[in-house]
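As structure tokens, the structure follows; a few thoughts come after it.
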Amino acid sequence: MLSSIQLPVAKEKSAQCSTIFTGQTTYSTGSGPRSLSAVDVIGDGKLDIIVANYGSRNVSVLLNTGDGTFAAQTTYLAGTGPAFVPVADVNGDGKPDIIVTNYDSNNVGVLLNTGNGTFAAQATYPTGSVPVCVAPADVNGDGKPDIIVVNRGSNNVDILLNIGNGTFAAQATYPTGTGPYHVTAADVNGDGKPDIIVANYGSNNVGVLLNYC
């Protein structure tokens, strides 16, 4: 008796799950889109799309029209091989700015949000060799997001401290394992400070760097 009640419910759930999404709608980007972020660029409560285009050396911004569709891209010049595009309010004006790792230029670019849906030209900061991934985090507890970038080619991680006006100091460098590929920041020891976790692709391990700032 119990199974005769449960079986129709299971089938109904399966049918609902199979139709939960529509087919995709596509929007043009640059060449070789490598990663993206979804964020409200202009403060209208709608999530826009930011894309790193590895092949065409630029960043696309697609503004949300409000009904689940997006306007045609606006592109901004990046360095060579842009690979990762997190966002953070780096200059404290309440607007999300773009941080991009320029894989083949050995730098990170910062594009400040002008507030009307557009971004200023990137300012670049040197990193180690082949920067792959960035994790914005307030490393030193001053309320400003700093830049943590992992460098696959030089087997290290850089910390670029935010000096307060949307610009960054020269990097401090820490060794990692071989071929670090991804980095994230999290308070792993409960002291209220973001620590660094690195995936070391070439050495088959993860590294943890505790924050003693």
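For the numbers below, each heavy atom of this structure counts, side chains included, while hydrogens, waters and symmetry mates do not. Residue numbers run from 1 in the order of the sequence given.
- A side-chain N or O of Asn156 and one of Ser154 form a donor-acceptor pair less than 3.5 Å apart.
- Note on Val61: it does not cluster hydrophobically with Leu36, by side-chain heavy-atom contacts below 4.5 Å among ILVMFWY residues.
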Can Val139 and Ile148 be said to form a side chain to side chain contact (heavy atoms under 4.5 Å, CB included), step by step? CA-CA 9 Å; Val139 167; Ile148 303 168; 4.0 Å; yes
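- Atom OG of residue Ser60 and atom CD1 of residue Ile49 lie 10.0 Å apart, to the nearest 0.5 angstrom.
- Put simply, the side chain of Val90 reaches to within 4.5 Å of the side chain of Asn162, judged on heavy atoms.
- Across Asn107, Val134, Leu111, a single residue satisfies side chain to side chain contact (heavy atoms under 4.5 Å, CB included) together with Val100, and that is Leu111.
- A continuous path of hydrophobic side-chain contacts links Tyr212 to Val208 [ILVMFWY only; heavy atoms under 4.5 Å].
- No side-chain donor-acceptor contact under 3.5 Å links Asn91 and Asn165.
- Under 3.5 Å, the side chains of Asn155 and Thr178 contain no donor-acceptor pair of N or O atoms.
- At distances below 3.5 Å, not a single donor-acceptor pair connects side-chain atoms of Ser56 with backbone N or O atoms of Gly30.
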Where do Tyr54 and Asp104 land on the side chain to side chain contact (heavy atoms under 4.5 Å, CB included) test, with the steps shown first? CA-CA 10 Å; Tyr54 186 90; Asp104 296 318; 3.0 Å; yes
In sequence, state the C-alpha distance, the side-chain angles, and the governing distance for Val130 and Tyr103, and then conclude on side chain to side chain contact (heavy atoms under 4.5 Å, CB included). CA-CA 5 Å; Val130 192; Tyr103 187 93; 3.2 Å; yes
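- Applying the ring pair (Phe, Tyr, Trp, His ring centres under 6.0 Å) criterion to Phe84, with sequence neighbours excluded, gives no partner residue.
- Looking at heavy atoms from C-beta onward, Phe70 lies in side-chain contact with Asn64 at the 4.5 angstrom threshold.
- In this structure, the side chain of Asp89 engages the main chain of Gly94 through a donor-acceptor pair within 3.5 Å.
- The nearest pair of heavy atoms linking Ala135 to Ala185 is CB-N, 4.1 Å.
- Put simply, the side chain of Ser31 never gets that close to the backbone of Gly55: no donor and acceptor are under 3.5 Å apart.
- Judged purely by atom type and a 3.5 angstrom limit, Thr101 uses its side chain to pair as donor or acceptor with the backbone of Val132.
- For residues 32-51, no residue pair satisfies the side chain to side chain donor-acceptor pair (under 3.5 Å) rule, not counting sequence neighbours.
- One finds the CG atom of Leu62 at 8.0 Å from the OG1 atom of Thr74 (value rounded to the nearest 0.5 Å).
- Note on Ile99: it does not cluster hydrophobically with Val87, by side-chain heavy-atom contacts below 4.5 Å among ILVMFWY residues.
- Asn200 meets the side-chain contact (heavy atoms from CB on, under 4.5 Å) test with Thr176, Pro180, Val198, Ser203, Asn205; sequence neighbours excluded.
- Asn58 contributes no side-chain N or O that, together with a main-chain N or O of Ala78, makes up a donor-acceptor pair within less than 3.5 Å.
- Although no hydrogens or angles enter the test, the distance criterion places a donor-acceptor pair under 3.5 Å between the side chain of Lys193 and the main chain of Cys213.
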List the steps, then state whether side chain to side chain contact (heavy atoms under 4.5 Å, CB included) holds for Ile98 with Ile50. CA-CA 8 Å; Ile98 298 172; Ile50 300 170; 3.8 Å; yes
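- Here the CD1-OH distance, from Ile196 to Tyr174, works out to 7.5 Å after rounding to the nearest 0.5 Å.
- Between the CZ atom of Phe119 and the CG atom of Asn113 there is a distance of 4.0 Å, given to the nearest 0.5 Å.
- Summarising the geometry, atom CZ belonging to Arg152 is positioned 12.5 Å from atom SG belonging to Cys133; distances are rounded to the nearest 0.5 Å.
- Checked by atom type and distance alone, the side chain of Asp187 never pairs as donor or acceptor with a backbone atom of Asp195 at under 3.5 Å.
- Asn102 places no side-chain N or O within donor-acceptor distance of the main-chain N or O of Val108, the cut-off being under 3.5 Å.
- Residue Thr173 is tested with Asn151, Thr127, Asp158 for a side chain to side chain donor-acceptor pair (under 3.5 Å); the sole match is Asp158.
- Here the straight-line distance linking atom CD of Gln122 with atom CG of Leu77 works out to 6.0 Å at 0.5 Å rounding.
- Scanning both residues, Thr29 and Pro33, for their nearest heavy atoms gives OG1-CG, 3.6 Å.
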